[in-house]
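Naming: A, B, ... by sequence-line order, numbering from 1 per chain. All values derive from a computational prediction rather than experimental measurement.
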Amino acid sequence: MRITTWNVNSLTARLQHVLDWTKANPVDVLCLQELKLTDDKFPLDVLRHAGYQHCAVFGQKTYNGVAVLSRHPVREVVKNINGFADEHSRLLSVTVGAPQGPVRVVNGYFVNGQEPGSEKFAYKMKWLDGLRAHVRSELAANEKVVLLGDFNIAPEDRDSFDPDGLRETIHHTSEEREHFRGLVGLGMSDSFRMFEQPEKSFSWWDYRMLGYQKNRGLRIDHILVSDGVKALVKACTIDRTPRKWEKPSDHAPVTVELG
DNA sequence: ATGACGCATCGAATGCGA
C-alpha cells in the first residue's frame with residue numbers, strides 16, 4: 001500500500017501531470033494540496049476513471065484547497081481543525097479502509113507564514129497549535145495515523161540548500177522547527193528519515209533563477225507516521241521526475257510504502 | 001532592498017507563494 005503527498009499548485013493547471021504520474025505510479029492514496037479550485041470544479045469523473053473511485057475534497061477558490069484521492073473506501077471525513085475557526089481550506093482528515101486495516105490519513109496544506117513577525121506568521125503559529133491538538137486527538141482515537149502534506153517547514157539544516165544563509169528566515173525559524181518537533185513528540189516518526197537518503201534531498205525548488213537545475217531546494221513536504229504505522233513502513237521516496245516535465249508544480253510528490 | 005517564475009483573477013496589474 002502506497003500513500004503520496006503532492007502539492008500540485010493548481011489542480012486545473014496540473015491535471016494532466018496527476019494523470020500521467022498516477023498511471024506510472026498507481027499509488028493507493030494520493031493527497032493533494034493547493035487545488036486552487038472550488039468543489040464544483042473538481043475533476044471527479046476523470047479521477048474516478050483513473051482509478052480513484054473514492055475522493056474527499058475540500059476546495060477553495062484561488063488559494064489553498066486539499067483533497068484525498070483513494071482506491072479504497074474513505075469514511076469519517078473531517079474538514080479543517082476541530083475547534084479552530086479557519087477561513088482557509090487547509091486540512092482534510094479521512095479514514096481509509098486499507099487491506100492492512102483502517103488508516104487515519106490527515107492531509108494538510110500548512111500555512112506559509114511569509115515572514116517571521118508578520119500577521120501571517122502569527123496565523124501560522126496559531127494554526128500549528130490547533131493542528132497539534134487535532135493530531136493528538138486523532139492519535140488517541142486511531143492506532144494507525146499518517147500526517148502528511150506541505151508542512152512549509154524545513155525541519156533541520158540538512159533539509160535546506162542554504163541553512164546558514166537562510167537561518168531564522170521563513171521555513172527555517174526556531175519556532176517552526178519547534179512545532180515540527182512537537183508533532184513528532186506526540187508519537188510520530190518522519191518516515192523519510194527512517195531510511196538512508198541521498199544528501200541534499202529536497203521536495204520543493206523555486207521556479208525562479210534555475211532553482212531546480214541548481215538543486216536550490218527545501219524539504220518541506222513530509223509524511224509522519226504513528227507507531228502503529230511505523231512497523232509497516234518499507235520506504236519513503238521523493239520522486240523528482242515530474243519536476244522535470246513541462247510546466248511542473250514547484251513541489252515533487254513524496255510517497256511512503258507500507259507493507 | 002528588489003526581482004526573478006508561475007498561477008489566479010473577468011480582461012491588467014496585483015496578490016501570493018516559498
Side-chain angles (χ1 to χ4, degrees), chain A residues 5-21 31-43 57-67 86-91 107-125 127-128 131 148-177 179-180 192 200-222 238 240 242-254:
Chain A
T5 175
W6 195 5
N7 179 326
V8 289
N9 184 18
S10 168
L11 182 55
T12 307
R14 225 65 63 200
L15 182 57
Q16 194 57 50
H17 281 199
V18 169
L19 296 172
D20 292 345
W21 190 82
C31 298
L32 302 177
Q33 304 92 35
E34 281 208 83
L35 305 180
K36 297 188 175 182
L37 50 73
T38 47
D39 290 14
D40 57 302
K41 301 266 176 33
F42 189 85
V57 184
F58 186 25
Q60 185 184 326
K61 189 177 180 179
T62 310
Y63 302 116
N64 313 310
V66 286
D86 199 347
E87 309 267 303
H88 297 175
S89 303
R90 293 188 174 276
L91 198 75
N107 174 27
Y109 174 48
F110 292 33
V111 178
N112 177 312
Q114 207 155 59
E115 194 183 351
S118 66
E119 269 185 40
K120 284 174 181 172
F121 190 82
Y123 166 51
K124 183 173 195 171
M125 294 301 107
W127 193 89
L128 286 164
L131 178 72
L148 78 177
D150 175 0
F151 282 49
N152 273 318
I153 301 173
E156 299 177 37
D157 280 359
R158 60 180 165 164
D159 299 313
S160 172
F161 71 96
D162 186 10
D164 292 317
L166 295 170
R167 197 164 297 287
E168 296 301 333
T169 64
I170 199 64
H171 306 121
H172 302 69
T173 66
S174 306
E175 297 102 305
E176 291 165 286
R177 288 178 170 181
H179 269 291
F180 187 90
F192 189 75
K200 300 184 192 303
S201 286
F202 306 129
S203 65
W204 170 89
W205 302 261
D206 203 310
Y207 285 124
R208 298 166 291 185
M209 302 179 72
L210 302 173
Y212 180 73
Q213 288 84 340
K214 296 176 178 174
N215 197 29
R216 294 166 60 90
L218 305 174
R219 192 177 72 95
I220 54 177
D221 300 272
H222 306 296
I238 300 171
R240 295 159 58 130
R243 189 64 177 77
K244 300 168 193 161
W245 295 344
E246 193 102 7
K247 290 253 173 202
S249 167
D250 41 0
H251 294 255
V254 184

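Among the atoms of the strands shown, none is found under 4.0 Å from any heavy atom of A:D221. Nucleic acid contact for A:H172: none, since no nucleic acid atom lies under 4.0 Å from a heavy atom of the residue. Using a 4.0 Å heavy-atom cutoff across all strands shown, A:N7 reaches sugar-phosphate atoms only and no base atom. Among the atoms of the strands shown, only primed sugar atoms or phosphate atoms (P, OP1, OP2) are found under 4.0 Å from some heavy atom of A:R14. Residue contacts shown for A:K124 are absent, as no nucleic acid heavy atom lies under 4.0 Å away. Across all strands, A:N112 comes closer than 4.0 Å to base atoms (heavy-atom distances).
B:dT2 and B:dA12: their P atoms are spaced 27 Å apart (whole Å). A distance of about 32 Å separates the P atoms of B:dC10 and B:dA1, rounded to the whole Å. Remark: the separation of the P atoms in B:dA18 and B:dT14 is 22 Å, to the nearest Å.
For A:S118 against A:G113, the heavy-atom pair with the smallest separation is OG-O, 3.2 Å.
With a 4.5 Å cut-off on side-chain heavy atoms, A:D159 and A:L218 do not count as touching.
First and last contacts of DNA chain B with chain A, using any nucleotide atom under 4.0 Å from a protein heavy atom and ordered 5' to 3', fall at B:dG3 to B:dA18.
Looking at which nucleotide of DNA chain B each of A:P248 and A:Q114 is closest to, the 5′-most match is held by A:P248. If A:Y109 and A:L35 are placed on DNA chain B by their nearest nucleotide, the residue sitting closer to the 5' end is A:L35.
No close placement of the A:H222 and A:F110 rings is indicated, their centers lying 6.0 Å or farther apart. Ring centroids of A:W21 and A:W6 are separated by less than 6.0 Å, placing the two rings close together.
Between A:H88 and the choices A:W127, A:Y63, A:Y109, A:Y123, the ring-ring contact (aromatic ring centres under 6.0 Å, His included) rule is met once, by A:Y123.
Classification of A:D150 and A:R90 as a salt-bridged pair fails, no side-chain N sitting under 4.0 Å from a carboxylate O.
A:H172 contributes a side-chain N or O that, together with a main-chain N or O of A:I170, makes up a donor-acceptor pair within less than 3.5 Å.
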